[in-house]
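Since this is a predicted model, take the numbers as computed values, not measurements. Chain A is the first sequence line, chain B the second, and so forth, proteins listed ahead of strands; every chain is numbered from 1.
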Protein chains: 2
Amino acid sequence: MSSPFAPLFAHIARYVPLSAAEADTLQTYLTRQTIARKEHLLTEGQICPANYFVLRGCLRTYLATEKGNEQTIQFGIEDWWLTDYASLDTQTPSQFYIQAVENTEVVVLDRRVQEEVFSRLPQLERYFRLLLQKSTAAALFRIKFIFSLSGEARYHHFNSTFPGFVQRVPQYMLASYLGFTPEFLSKIRAKVSHT
Amino acid sequence: MSSPFAPLFAHIARYVPLSAAEADTLQTYLTRQTIARKEHLLTEGQICPANYFVLRGCLRTYLATEKGNEQTIQFGIEDWWLTDYASLDTQTPSQFYIQAVENTEVVVLDRRVQEEVFSRLPQLERYFRLLLQKSTAAALFRIKFIFSLSGEARYHHFNSTFPGFVQRVPQYMLASYLGFTPEFLSKIRAKVSHT
DNA sequence: TTCATTTCTTGAACTAGATTAAGTTTTTTT
DNA sequence: AAAAAAACTTAATCTAGTTCAAGAAATGAA
């Protein structure tokens, strides 16, 4: 299969069976989009336009804090869906930004067709239910780590869970994702390399 | 309708239409369970047996930290589903406890029938997909608050978002849910009442 | 290859919140 | 109603991580 959506279909197949006819139907609802590094798919105040599946590259969700910093709350790499469900579900302005960390290619499932696709393809609804169960579980684990590990321990845990990922993002983004300052991350790394 | 599951059916109806026949079908998969205060529905090391809908009372999910403390990561009151999806999905031992904070009555959807119900009742699968979208959104907001507000600000925010809830749980549970110590919560309250 | 911008590092002073410990109040059990 | 257990408070001391500031290194643009 040489569809431009092939990696998505492969991902779906890992969760639910999807016939060729169903894949064709789904295809008519999807588009592809390329975003250059630092460009935004979503900006604070905007209604989140779609759900995005990363084909290549890396996205992040962040928010602007009152002190003028960016707080990264989520990364999305290959084979991950990323969106702001709060805004998508209720058609209300988002409090977040979704930005490309690298030059990125995504599959776009527009919010205006999402419910219609689910009605036509119950298997796809199941696929999303299963993914959402996974991400709900992941969010609980994230909260567990935030509250039960020190900053330094969170960094090491993240590194061993996602080896190599540290190289893909600027340290200040990773620091805010892990819940501390870039200066503190710098100190952790200095400590490690002196060992 | 005087089904013992009436509050659940009412909740479902807020998200998807469910015919009387479908409600009957669903009913055959559900049971009811009463749990006394401090009893557990799930213990660390056990495979999570079910998804629980709170009819009356209050549940919490917590974990035992290395230092011997309990870290509350989630509360569930009336009209909320609570489970450990990580354990439920993969049939692996849970890292969490689910405990009744008050004497509590729940509807039980056993893990062994869950997927079968969804196959027979696509509307129910949609209902859960919608709920999971909400809880994914809520988890992101939670992470946002953890990282962008001070402990004191998190307490005040929680209080104004869930007025009255503070009275229902021991302060040490709330403190760990909010990510600080009971002593610190005590100081916050002292500060407020001296105003 | 140079200039400009962005990212990363280091150190000193500081603070939000933890820890420890003892006493008080409230709730539960008998 | 008394005793026991659980929950909450207060205060002194301590520390993980912040803030601020200035310089060094890496990256990108021209």
Fill in: Distance in angstrom units between A:E102 CD and D:dT27 P, rounded
14 Å

Worksheet entry | Those residues that, when tested against A:H40, pass ring pair (Phe, Tyr, Trp, His ring centres under 6.0 Å) (two or more places apart) | A:Y62, A:Y97

Item to complete: Provide the full list of ring-ring contact (aromatic ring centres under 6.0 Å, His included) pairs with a residue in residues 104-123 of chain A, sequence neighbours left out, each pair given once.
Response: A:F118-A:F128

Worksheet item: Once you build an axis from the first five pairs and another from the last five of the helix from C:dT1-D:dA30 to C:dT30-D:dA1, how far apart in angle are they, to 10 degrees?
Response: 60°

Worksheet item: Hydrophobic cluster mates of B:V108, side-chain heavy atoms under 4.5 angstrom, ILVMFWY only, any path?
Response: B:I35, B:L41, B:L42, B:Y52, B:V54, B:L59, B:L82, B:I98, B:V106

Worksheet item: Whole Å only: how far is the NZ atom of A:K191 from the P atom of C:dG11?
Response: 14 Å

Worksheet item: Between B:I188 (CD1) and C:dA18 (C1'), how many Å, whole number?
Response: 13 Å

Worksheet entry | Close approaches to DNA chain C from residues 57-77 of chain A, in residue order (heavy atom, under 4.0 Å) | none

Worksheet item: Given atom CG of B:L185 and atom P of D:dC8, what is their separation to the nearest angstrom?
Response: 8 Å

Worksheet entry | B:Q27: partners by side chain to side chain contact (heavy atoms under 4.5 Å, CB included), with sequence neighbours left out | B:S3, B:P4, B:F5, B:F9, B:D24

Discussion item. Suppose the criterion is salt bridge (Lys or Arg N to Asp or Glu O under 4.0 Å): which pairs have a residue in residues 26-38 of chain A, not counting sequence neighbours?
Written reply: A:R32-A:E105

Item to complete: Compare every heavy atom of A:T136 with every heavy atom of B:S135, then report the nearest pair and how far apart it is.
Response: OG-OG1, 3.6 Å

Discussion item. Under 4.0 Å, heavy atoms only, any strand: does A:S150 hit a base, just the sugar-phosphate, or nothing?
Written reply: sugar-phosphate

Worksheet item: If you check every side-chain atom of A:K187, which of C:dT7, C:dT10, D:dA11 has the closest atom?
Response: C:dT10

Fill in: Of residues 167-184 of chain B, the positions that come close to DNA chain D - non-hydrogen atoms, cut-off under 4.0 Å
B:P170, B:Q171, B:Y172, B:E183

Worksheet, complete the sentence: The complete set of salt bridge (Lys or Arg N to Asp or Glu O under 4.0 Å) pairs with one or both residues in residues 62-79 of chain A, sequence neighbours excluded, reads A:R14-A:D79, A:R60-A:E70, A:E78-A:R168

Practice prompt. Measure the distance from CZ on B:R189 to C1' on C:dG17 and round it to the nearest whole Å.
Written response: 18 Å

Fill in: Pairs involving residues 132-149 of chain B, ordered by first then second residue, that meet salt bridge (Lys or Arg N to Asp or Glu O under 4.0 Å) (sequence neighbours left out)
none

Fill in: Set of ring pair (Phe, Tyr, Trp, His ring centres under 6.0 Å) partners for A:F158, sequence neighbours left out
A:F162, A:F165, A:Y177

Item to complete: Check the pair A:L26, A:L121 against side-chain contact (heavy atoms from CB on, under 4.5 Å), reporting the backbone distance first and the verdict last.
Response: CA-CA 8 Å; A:L26 173 56; A:L121 302 171; 3.8 Å; yes

Practice prompt. Not counting sequence neighbours, which residues clear side chain to side chain contact (heavy atoms under 4.5 Å, CB included) with A:A36? List them please.
Written response: A:E39, A:N103

